[in-house]
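A short worksheet on the structure shown next.
Naming convention: chains lettered A, B, ... in sequence-line order (proteins, then strands); numbering from 1 in each chain.
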Amino acid sequence: MVEDRTFSGRLFAAVNFILLALIALVTVLPFIHVVAGSFTTSAELAANKFVLIPKVWSLEAYKFIFSTNTIFRALGVSIGVTLIGTLFSMFITALMAYGLSRRDLDGRRVFNFLVVFTMLFHGGMIPTFLVVKELGLIDSYAALILPSAISAFNMIILKNFFQNIPEGLEESAKIDGCNDFGILFKIVLPLSLPAIATISLFYAVTYWNTYMSAILYLDNSAKWPIQVLLRQIVVLASGMDHSATLDGTVPPPDQTIKMAVIVVATLPILMVYPFLQKHFAKGAMLGSMKG
Amino acid sequence: MQEVTAPPRVVPEPQPKKYKSSSELKKRLWRNKLLYVMLIPGVLYFIIFKYLPMYGLIISFQDYKPYQGITGSEWVGMKHFSRLFTEPDFLNILANTLILFGMNILIYFPIPIILALMLNELRGTFFKRFFQTLVYLPHFMSWVIVVSISFVMVTMDGGIINELLAYFGFSKINFLLSPGWFRPMYILQVIWREAGWGTIIYLASIAAIDPGLYEASRMDGAGRLRQVWHITLPAIRGVIITLFILKIGSVLDLGFEHVYLLLNSMNREVAEIIDTYVYTAGLRQGQFSYSTAIGFFKSIVGLIMVMTVNKVSKKIGEEGVY
């Protein structure tokens with residue numbers, strides 16, 4: 001669009017810019033507050049409430065939370081589940097999406113319908129829990145991955161992306177003696193990197209944020225991922241339901257410690273985000289708009 | 001969990017060719033055998049984790065005993081469903097669910113649209129990208145993180161909000177334990193986490209608008225606000241309606257995690273919703289059949305809502321979701 005140089009045009013642009021800057025500020029301030037708070041001492045945080053840049057830097061809180069292996073173990077579980085889960089989900093999602101993207105596949109409408117239907121109607125929490133239990137997955141890490149291994153939404157985005165790849169490429173590969181697996185792995189996947197990156201990010205974020213499956217399917221607290229531990233340390237100890245805190249007599253942890261745990265639980269996503277951002281914006285739009 | 005991004009639309013597909021003979025079909029099936037092999041893991045997944053639970057819904061017509069299983073449990077007909085509508089507890093959680101849903105529609109839903117319009121009017125790609133990056137970010141944080149961040153901010157012992165209130169001479173508020181603050185906190189968290197991410201789809205459809213339209217309207221003397229009103233908004237009408245349908249379809253499906261994390265013994269009266277109740281009654285108290293009936297009711301209402309709104313939107317000349 002051309003720059004609007006009239007007075008009202010400039011005023012409009014200025015007001016709009018200031019409002020957006022305020023919105024962006026409100027969005028990040030809470031997080032900056034938490035990060036800054038985690039890097040100072042509890043005395044400093046209590047004395048100087050409005051820290052955005054700590055006056056006194058301290059790793060006290062981090063030393064404390066890493067002094068036992070509880071956090072390490074939870075981080076390990078989350079990292080493991082995220083890596084294995086994302087790879088596994090990507091693999092079976094791509095296989096299914098490619099199969100369904102091929103127009104000469106008989107019965108694809110039926111398969112498509114069965115997938116879309118699961119987005120409109122589902123059995124719900126209890127029947128799903130019973131299935132997971134019958135399969136003997138309770139208290140296993142597989143329970144954090146298998147029940148949500150494919151997101152119908154992600155599968156459809158990927159399928160639509162595959163459909164936009166010219167069929168001629170696949171045909172010529174076939175003539176060169178490539179079978180369907182070869183076409184998928186040597187031609188289609190390399191051409192779909194933006195979509196693959198986007199969907200991988202979606203899956204990775206979902207696995208990193210796993211909370212509900214963990215509280216539904218894991219009874220053993222030694223297997224808890226970081227999100228469940230975070231709730232235990234921050235939410236249950238934040239002055240609600242004192243009976244529900246660890247044993248009711250332990251005083252709630254310091255603010256700085258809670259903040260440090262929040263940072264630890266958030267950091268991995270924040271590190272992945274900048275690398276994939278340019279892909280996912282593009283990929284999400286491709287998937288949604290051409291759908 | 002409900003993704004707030006794009007509605008997946010089913011592509012209109014070319015009609016499959018009619019086969020002259022069954023042998024031709026067999027030949028095609030055989031030629032595509034590897035494609036069917038590729039579908040196996042996915043199809044197994046959907047059968048086991050999506051369709052088996054649907055079969056499991058029949059326990060809502062039984063008095064399900066875990067040791068007797070579906071085949072051994074006693075059939076009780078509509079007992080659990082009729083209990084739903086006589087139980088005061090259920091009517092209360094239904095009301096709570098509907099109120100939160102109403103807040104989602106009335107307060108949250110327009111915000112991403114307005115935010116997208118504002119972002120679109122921003123000159124200079126650097127700031128546009130910069131602001132987008134910042135407002136997308138919270139979407140990637142789990143509800144646990146979002147709720148945790150707000151808890152350390154509003155807590156009575158040293159939370160920044162209460163310290164600010166005290167600093168300006170107000171009395172501190174126990175946000176976490178007062179029922180009156182549950183709903184405002186809930187919707188503020190929804191807005192903080194999702195509003196930025198929700199703009200993606202609107203921005204994409206705004207990007208597809210023909211720039212000539214703006215050119216022409218400027219010739220006619222339209223200012224920026226008029227252009228937004230007469231060109232941008234009508235152009236994204238279809239997307240708005242589609243997303244609205246999806247939102248309506250999730251009427252009783254507010255998401256278990258978020259509310260569960262905010263729920264405590266003090267705000268239960270206003271905070272207990274269908275999902276959290278299903279969890280408590282089902283898994284904590286072992287009323288499998290009753291809570292499955294509640295979940296079933298929820299799924300059916302959702303399905304009916306999507307189909308109805310979809311039909312209505314087609315009638316008024318919009319695309320619909322499927």
Subject >> Atom pair CE (M118(B)) and CG (L20(A)), whose distance is rounded to the nearest 0.5 Å >> reply: 4.0 Å
Original post:
Any donor-acceptor pair under 3.5 Å linking the side chain of N209(A) with the backbone of F140(B)?
Top reply: yes
Subject >> Most contacts with chain B, counted as non-hydrogen pairs under 4.5 angstrom, among A265(A), G124(A), P30(A) >> reply: P30(A)
Subject >> Closest heavy-atom pair and its distance - W192(B), V26(A) >> reply: NE1-O, 3.6 Å
**OP:** Evaluate the side chain to side chain contact (heavy atoms under 4.5 Å, CB included) criterion for residues Q227(A) and I145(B): first the C-alpha distance (whole Å), next the side-chain angles of each, then the deciding distance (0.1 Å), finally the verdict.
**Re:** CA-CA 8 Å; Q227(A) 305 292 336; I145(B) 295 172; 3.7 Å; yes
**OP:** Indicate, with yes or no, if the rings of F256(B) and Y211(A) have centres closer together than 6.0 Å.
**Re:** no
Original post:
Is it the backbone or the side chain of F181(A) that comes under 4.5 Å from a heavy atom of chain B, or both, or neither?
Top reply: both
Subject >> Proximal component of A152(A), with respect to chain B [non-hydrogen, under 4.5 Å] >> reply: both
Original post:
Is there side-chain contact between M141(B) and I269(A), with heavy atoms separated by less than 4.5 Å?
Top reply: no
Original post:
Mind checking whether W197(B) and F202(A) have parallel, tilted or perpendicular rings, split at 30° and 60°?
Top reply: perpendicular
**OP:** Would you check, one step at a time, whether the test side chain to side chain contact (heavy atoms under 4.5 Å, CB included) holds for L114(A) with Y51(B)?
**Re:** CA-CA 9 Å; L114(A) 290 176; Y51(B) 283 94; 3.5 Å; yes
**OP:** Decide if atom NZ of K33(B) counts as having more than 12 heavy atoms of other residues, nucleotides or ligands within a radius under 6.0 Å.
**Re:** yes
**OP:** Look only at the side chain of Y279(B) and the backbone of M125(A), and say whether a donor-acceptor pair between them is shorter than 3.5 Å.
**Re:** no
Subject >> Gap separating the CE atom of M153(B) from the CD atom of Q255(A), nearest 0.5 angstrom >> reply: 10.5 Å
Original post:
chain B heavy atoms under 4.5 Å from L25(A): which part of the residue, side chain, backbone, both or neither?
Top reply: neither
Subject >> Heavy-atom proximity to chain B below 4.5 Å, by part of A94(A) >> reply: neither
Original post:
N32(B) side chain to D104(A) main-chain N or O, any donor-acceptor pair under 3.5 Å?
Top reply: yes
Original post:
Which region of L146(A), side chain (C-beta onward) or backbone (N, CA, C, O), has a non-hydrogen atom less than 4.5 Å from a non-hydrogen atom of chain B, or is it both or neither?
Top reply: both
Subject >> Option that, when pairs with chain B are counted at under 4.5 Å, heavy atom only, ranks first among V205(A), V34(A), L105(A) >> reply: L105(A)
Original post:
With only heavy atoms counted, which part of F111(A) is less than 4.5 Å from chain B, the side chain, the backbone, both or neither?
Top reply: side chain
Subject >> Validation row: L137(B), L270(A) side chains within 4.5 angstrom (heavy atoms) >> reply: yes
Original post:
Has the side chain of Y98(A) got a donor or acceptor atom that lies under 3.5 Å from a matching backbone atom of L39(B)?
Top reply: no
**OP:** Measure distances from L184(A) to the heavy atoms of chain B and classify the residue's part below 4.5 Å as side chain, backbone, both or neither.
**Re:** side chain
Subject >> Distance (rounded to the nearest 0.5 Å) between R123(B) CZ and F17(A) CZ >> reply: 13.0 Å
Original post:
Rounded to the nearest 0.5 Å, how far does NZ of K50(B) lie from CD1 of I150(A)?
Top reply: 10.0 Å
Original post:
Between L134(B), L52(B), L29(B), V144(B), which residue shows the highest count of heavy-atom pairs closer than 4.5 Å to chain A?
Top reply: V144(B)
**OP:** Look at the rings of F121(A) and F296(B) and say which category their plane angle falls in: under 30° parallel, 30 to 60° tilted, over 60° perpendicular.
**Re:** perpendicular
Original post:
If you look at every heavy atom in V234(A) and F151(B), which pair is closest and at what distance?
Top reply: CG1-CB, 4.4 Å
**OP:** To the nearest 0.5 Å, tell me how far T128(A) OG1 sits from M54(B) CE.
**Re:** 9.0 Å
Original post:
What closest approach, in Å, do F288(B) and L130(A) show between heavy atoms, and which atom pair accounts for it?
Top reply: CE2-CD2, 3.9 Å
Original post:
Relative to chain B, which segment of R102(A) carries a heavy atom at a distance below 4.5 Å: side chain, backbone, both, or neither?
Top reply: side chain
Original post:
Between L229(A) and chain B, which part of the residue has a heavy atom less than 4.5 Å away: side chain, backbone, both or neither?
Top reply: neither
